[in-house]
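What you are looking at is a predicted structure, and each value in this text was computed from that prediction instead of being measured. Side-chain atoms are counted along with the backbone in the values below, which use heavy atoms only and exclude waters and symmetry mates.
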Amino acid sequence: MKNLFIAFILVFIAINSMAQNDVIMRIYTSPPIKYGVIDTSGKITVPFVYGQILPFRNGVACASKIISSKLQQADNTTKNKVAVIEYPAYVEEWGLIDYNGNNITPFVYLQMQNCKADNRFIARNKDNKWGVINNSGETVIAFEYEQILEYTELFICKNLEKKYLIVDINGNMLNSTGYESIGYDQWFKAYRVLKNGKEGLINVEMQELIPCQFDKLGRNWSDGMLPVMQNKKWGFIDSTMAVVIPFEYRKDSYFRNGIANVETEDKQHLVIDKKNNVLSRIPFGLHGQVGDKVFITREAYIKRGDRNASFKAALVDVDLKNIIPFEYEKIYRLSDKAYLASHDDKLFGLINETGKQILPEEYEMPKWLMTVGENYIWLIQNGKFGLIDFSNKGKKILGFEYDDARHNLFSKNGKWGALDLNTLKINIPAKYDSIMNVWGWSNVYIVTQNGKSGIIDYSDNIILPLEYDNIEPLQYSLGWYQLRDKGLYGLIHNELRITLPCKYYGIQFIYDLNNYKTYITALSGKLTEIIKPTEKGFETLMTIEQSVSLVSIADNFVIVNNSGNLGVIDSKGKQIIPFEYSQVSSYSNGYFVVREAYESSNDDNNGILFK
């Protein structure tokens, strides 16, 4: 209860501190669990005296020492008297150490972090200023910034004047005047910057792509045009940075095939071309552009005596010709010239861009639009699925005789088959109990027949015999599928086409702490094999006892979990680090960073981070 009260006080202090400065520090209300370093011979090379040790970089690591301190909090619960209550606390001081615990720098920093760039560390000194040092402790970027962020081979540094400067990894200043803000934009693949209140764009080489002369830039280029804002109104520039559409619109928009939908100050919707010629004035709410010159629109219609608006859908082109009356409950776009439309939201028909009915409203929609290729869609009639060509007057490709359909797969009389995606002909007849496209594995299906599963290609040729009880994804993002036969497990890879036979009681994946490569762990009898997949097959790296649970691998060593405690064994199963630690956090060149075991009395292991 006392610790909870202290935590509440610390949070209160933290909230008040945030308003005053950008200081970030971690305070512990009880001594935190300590970190140390153990080498592959089992020798403790760095004693367990550190609050944190970050992963080593080229033999050097950021580490924090825990310093005893006190927190003070005013107690004004008594009238006319304010008492000061003191609580024990522990704070961190940071520095650099090597594998043997030798100090590379004195412990004089409030905070440190690793950089992606080699031999660089971001640090904050006791004056609350940020800088960058190298692995010898030498200053690369002076400690004179409020904030430093790292990007690829660059540092973004916020100075005391709240301006952002760009500095390379050697400390060279790449822009001297500074920006009010800077941030990487995924759409542009470049940096948005703000200078003198104006937004611009620079690339990763710090070359100016768009000068800082507009109040705001739109999301991205479209059709060679970019929306930009000036004095709270939007216009467009072209690739030469010339303003080609004046600043006179309320919102940003985008061009597609030479036209754009814009909104005026009096909230009129216009369709304009790249010369700002008004092609049409749309007198109703614009729902969205769906074709070269076609829009789906909506208009509210208020029923007499009914306060609730019901929405009807229509189609209109930019010339306001071929207007389809606002009479449809739903319209779905299939292409620029084909739409599914319904008056009652139950039965649908096919219309073209002029509103002409191609197919009568006598078809049900599946739960979602199921198109096949660019021109075909599954519809339902009298409870049966059929495939039509909406680009060719609704021509029936497959009659309405199928029980179910999913993309190019179909079911009939309880059996599944598949269509050829190029010819739309049936290339796999409905003979399988189930059929499934395989994510990340082109031109094959997983199929089941008579209770057994296998893999076939698009021509119904067998890739993997139908002799398995089950085939399912296991780490499918990496291409692995698990095989099961008679209670035993194996693997197959979608690209390598290598197969691990079904002879294991269980299969899992672990990762290398150094390079994040994936390895297979397979239980075989009383043994656990660590297996490395190769292009030609599988290589067993080591075999160890089954009684331990594997966590990760590092070189020829394995981090294992034994009843909740972590330790390290070698490739022969010999114990290198005893099973008495709560974490083995990183590995580098024969050295493990290890954390002591938890103590039940310690309920503040992570500390409180406040700003």
Non-neighbouring partners of Lys198 that pass salt bridge (Lys or Arg N to Asp or Glu O under 4.0 Å), sequence neighbours left out:
Asp215
Please report the shortest heavy-atom distance between Ile122 and Cys115, naming the atom on each side.
CG1-SG, 3.4 Å
Give every residue pair that meets the side-chain hydrogen bond (donor to acceptor under 3.5 Å, both in side chains) criterion with at least one member in residues 235-250, sequence neighbours excluded.
Asp238-Thr240, Glu248-Asn276, Tyr249-Asn276, Arg250-Glu263
Sequence neighbours left out, what pairs pass salt bridge (Lys or Arg N to Asp or Glu O under 4.0 Å) with at least one residue falling in residues 219-230?
Asp223-Lys274
By side chain to side chain donor-acceptor pair (under 3.5 Å), which residues pair with Asn125, not counting sequence neighbours?
none
With sequence neighbours excluded, what pairs up with Asp39 under the side-chain contact (heavy atoms from CB on, under 4.5 Å) test?
Ser41, Lys43, Thr45, Tyr591
Taking salt bridge (Lys or Arg N to Asp or Glu O under 4.0 Å) as the definition, give me every residue that meets it alongside Glu529, ordered by chain and number, with sequence neighbours left out.
none
With sequence neighbours excluded, residues passing side-chain contact (heavy atoms from CB on, under 4.5 Å) with Arg333:
Arg256, Val290, Ile296, Asp336, Tyr339
Excluding sequence neighbours, so at least two apart, what forms side chain to side chain donor-acceptor pair (under 3.5 Å) with Asn135?
Asn119
Could you work out, with side chain to side chain donor-acceptor pair (under 3.5 Å) as the rule, every residue matching Asn277, not counting sequence neighbours?
Asp273
Gln583: partners by side chain to side chain donor-acceptor pair (under 3.5 Å), with sequence neighbours left out
Tyr35
Using the benzene-type ring in the case of Trp, are the ring centres of Tyr191 and Tyr164 under 6.0 Å apart?
no
Taking the side chain as every heavy atom from C-beta outward, state whether Trp234 and Ile245 have any pair of such atoms under 4.5 Å apart.
no
Listed by chain and number, what are the side-chain contact (heavy atoms from CB on, under 4.5 Å) partners of Ser136, not counting sequence neighbours?
Asn134, Glu138
Which residues satisfy the side-chain contact (heavy atoms from CB on, under 4.5 Å) test with Pro578, sequence neighbours excluded?
Gln575, Glu580, Tyr581
